[in-house]
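Index from 1, following the sequence. Counting starts at 1 for both ligands and their atoms, in listed order.
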Amino acid sequence: MNFRSDNEAPVNGVILQAIIDANSGFEESYAYDSYSLKLQKTMQQLFGCWCDVVPLVTGTAANSLSVAITTPAYGSIYCSKEAHLLNDECGAPEFYSAGAKIIGVDGNEGKINTETLDHLLEATGVHGEHECMPSTISITQSTEAGTLYSIDEIKQFNQIKQKHQMYLHMDGSRIANACASMGCSIADMTWKNGVDVLSFGATKNGAMIAEALIIFNPKLGKEIKRMRKRAGHLVSKMRFISVQLIAYIQNDLWLNLASHANKMAHKIYTNLKGTHDFVYPVQANEVFIRLGVSGIKKLQEKGFLFHIWPGSKDIIRLVCSHATQLSDVDEIIKALKK
Ligand SMILES: Cc1ncc(COP(=O)(O)O)c(C=O)c1O
């Protein structure tokens, strides 16, 4: 019974079948295949706008290339203190942007506090060229704490980025969970409210290996293809990456898979609220519970797999995925109730 990570979930059957179906005959290599060309149009339909779609194979590459096109080497990137970009990418965003500075901003529930961000940005500039140039705001949706930015909050980031002449990046490693939970369109979640570049995740929510960098701002990413090659992400048999993304977004598969994951997480919450200490609101597919060391040990002894949240000894993170079984959720609820 695995609640460790949605990265540990299997590949969804429809996506796997799409890979098998794409495995016939020859196709042009290096993203000039028919699937990669179709992907551009399919994504543009999904978002309802022009966008440049750059398939990649990791979320780290999507984030790092995103900030590399929005941030010069002498620039700075503002994100939450919990951001994957800041803590879990081994310096790749700094490396890809040739040395940009990442600044963690305080907030609550895994989110950047917009007032704090605005004050920080207001205070820049006094040291002139001695300071890095504020260039990018990066927000994660859904966040590393399993919480969500409302559309109003995204609008506030849009205002702040305009005021300070910056770009807005969204780490959408779990954007499907956010859209499914909020019931809003992915256009409202992104470009309609100022997102310039999006890391569009699919691997966590049912794909085998597929992410995409989506560029909405036509001023950005003129050399993104060379940058992708240089980053080692120009997959020669790209058709097998692109076909996953096509299958993922067709017939709302991405939303249906994410809805299931969210429902499973919500079920844990509704059954244990009042009796358990939920560290963050459960708004997508992740659940954080302060359980205590002995409670954690008991749960481990019963065979449940989960992470103890880094930096704490008594908080567990339970991640539900598209493949989480209702019976496993019932079991963990039962075990936690005892
Ligand atoms: C919020 C977030 N962003 C980005 C990533 C990066 O994805 P990858 O492991 O594919 O590089 C992850 C992975 O766990 C993540 O949780």
Side-chain angles (χ1 to χ4, degrees), residues 2-11 15 54-68 70 77-97 102 104-105 107 109-112 136-149 154 168-181 189-190 195 197-214 228 231-233 235 241 244-245 248 254 257-258 261-262 265 280 283-288 305-307 309-311 317-322:
N2 189 319
F3 291 90
R4 222 161 26 195
S5 170
D6 35 14
N7 280 322
E8 299 191 15
V11 178
I15 297 175
V54 186
L56 301 164
V57 292
T58 69
T60 298
N63 283 345
S64 303
L65 285 170
S66 291
V67 296
T70 57
I77 301 152
Y78 290 74
C79 61
S80 95
K81 286 199 164 150
E82 283 77 27
H84 197 274
L85 186 94
L86 174 65
N87 303 306
D88 294 297
E89 299 187 354
C90 197
E94 293 92 326
F95 176 68
Y96 280 45
S97 58
I102 307 188
V105 183
E109 300 175 349
K111 301 198 274 184
I112 297 176
T136 305
I137 301 166
S138 176
I139 57 175
T140 310
Q141 182 78 321
S142 56
T143 72
E144 289 77 2
T147 53
L148 295 168
Y149 287 104
I154 298 171
L168 182 58
H169 164 246
M170 182 178 277
D171 175 351
S173 186
R174 296 190 178 86
I175 195 167
N177 301 94
C179 287
S181 177
M189 191 76 94
T190 57
V195 173
V197 277
L198 166 70
S199 304
F200 179 87
T203 308
K204 291 175 179 29
N205 190 34
M208 183 188 277
I209 325 158
E211 310 281 313
L213 162 52
I214 317 278
R228 173 176 62 180
H233 274 259
V235 175
I241 308 302
Q244 293 177 60
L245 291 165
Y248 181 66
W254 64 294
L257 296 176
N262 292 352
Y280 303 120
Q283 296 177 331
N285 65 322
E286 296 178 77
V287 179
F288 292 75
L305 300 175
F306 52 85
H307 281 303
W309 201 231
R317 183 189 75 163
L318 305 175
V319 185
C320 296
S321 77
H322 67 99

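Checked by atom type, the side-chain pair Ser64/Thr60 shows no donor-acceptor distance below 3.5 Å.
Near Ser173, the atoms of ligand 1 lying under 4.0 angstrom from a non-hydrogen atom of the residue are 1 (C), 2 (C), 3 (N), 4 (C), 5 (C), 12 (C), 15 (C). Of all the atoms in ligand 1, the ones that sit under 4.0 Å from a non-hydrogen atom of Thr58 are 10 (O), 11 (O). Close contacts of ligand 1 with Asn63, meaning ligand atoms under 4.0 Å from a residue heavy atom, involve 3 (N), 4 (C). Close approach to Asn7 involves these atoms of ligand 1, each under 4.0 Å from a residue heavy atom: 14 (O). Counting atoms of ligand 1 from 1 in the listed order, those under 4.0 Å from a heavy atom of Glu144 are 1 (C).
Among all non-hydrogen protein atoms, the one lying nearest atom 8 (P) of ligand 1 is Gly59 N, 3.5 Å. Ranking the protein heavy atoms by distance from atom 3 (N) of ligand 1 puts Asp171 OD2, 2.6 Å first. In terms of protein heavy-atom proximity, atom 16 (O) of ligand 1 is nearest to Arg174 NH1, 3.2 Å. Looking only at protein heavy atoms, the nearest one to atom 6 (C) of ligand 1 is His84 CE1, 3.3 Å. Looking only at heavy atoms of the protein, atom 11 (O) of ligand 1 is closest to Thr60 OG1, 2.6 Å.
Contact record, Asn177 with Ala284: CB-CB, 4.0 Å, taken as the closest heavy-atom pair.
Note on ligand 1: Lys204 sits in its first shell, one or more heavy atoms being nearer than 4.0 Å. Residue contacts with ligand 1 include Thr140, since one of its heavy atoms falls under 4.0 Å from the ligand.
Side-chain atoms of Arg317 never come within 3.5 Å of backbone atoms of Pro310 as a donor-acceptor pair (strictly under, hydrogens ignored). No donor-acceptor distance shorter than 3.5 angstrom exists from the side chain of Thr140 to the backbone of Ala83, with no hydrogens or angles considered. Judged by distance alone, the side chain of Glu144 and the main-chain N or O of His84 form a donor-acceptor pair under 3.5 Å.
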Assess whether side chain to side chain contact (heavy atoms under 4.5 Å, CB included) is satisfied between Ser199 and His169, documenting all intermediate values. CA-CA 8 Å; Ser199 304; His169 164 246; 2.9 Å; yes

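Ring orientation note: the planes of Phe200 and Tyr248 are nearly perpendicular, at an angle over 60° on the 30°/60° scale.
The N/O atoms of Glu89, backbone and side chain alike, include none that comes under 3.5 Å of an N/O atom in ligand 1.
Between Leu148 and Gln141 there is a side-chain heavy-atom pair separated by less than 4.5 Å. Between His322 and Asp6, the closest side-chain pair of non-hydrogen atoms is not below 4.5 Å.
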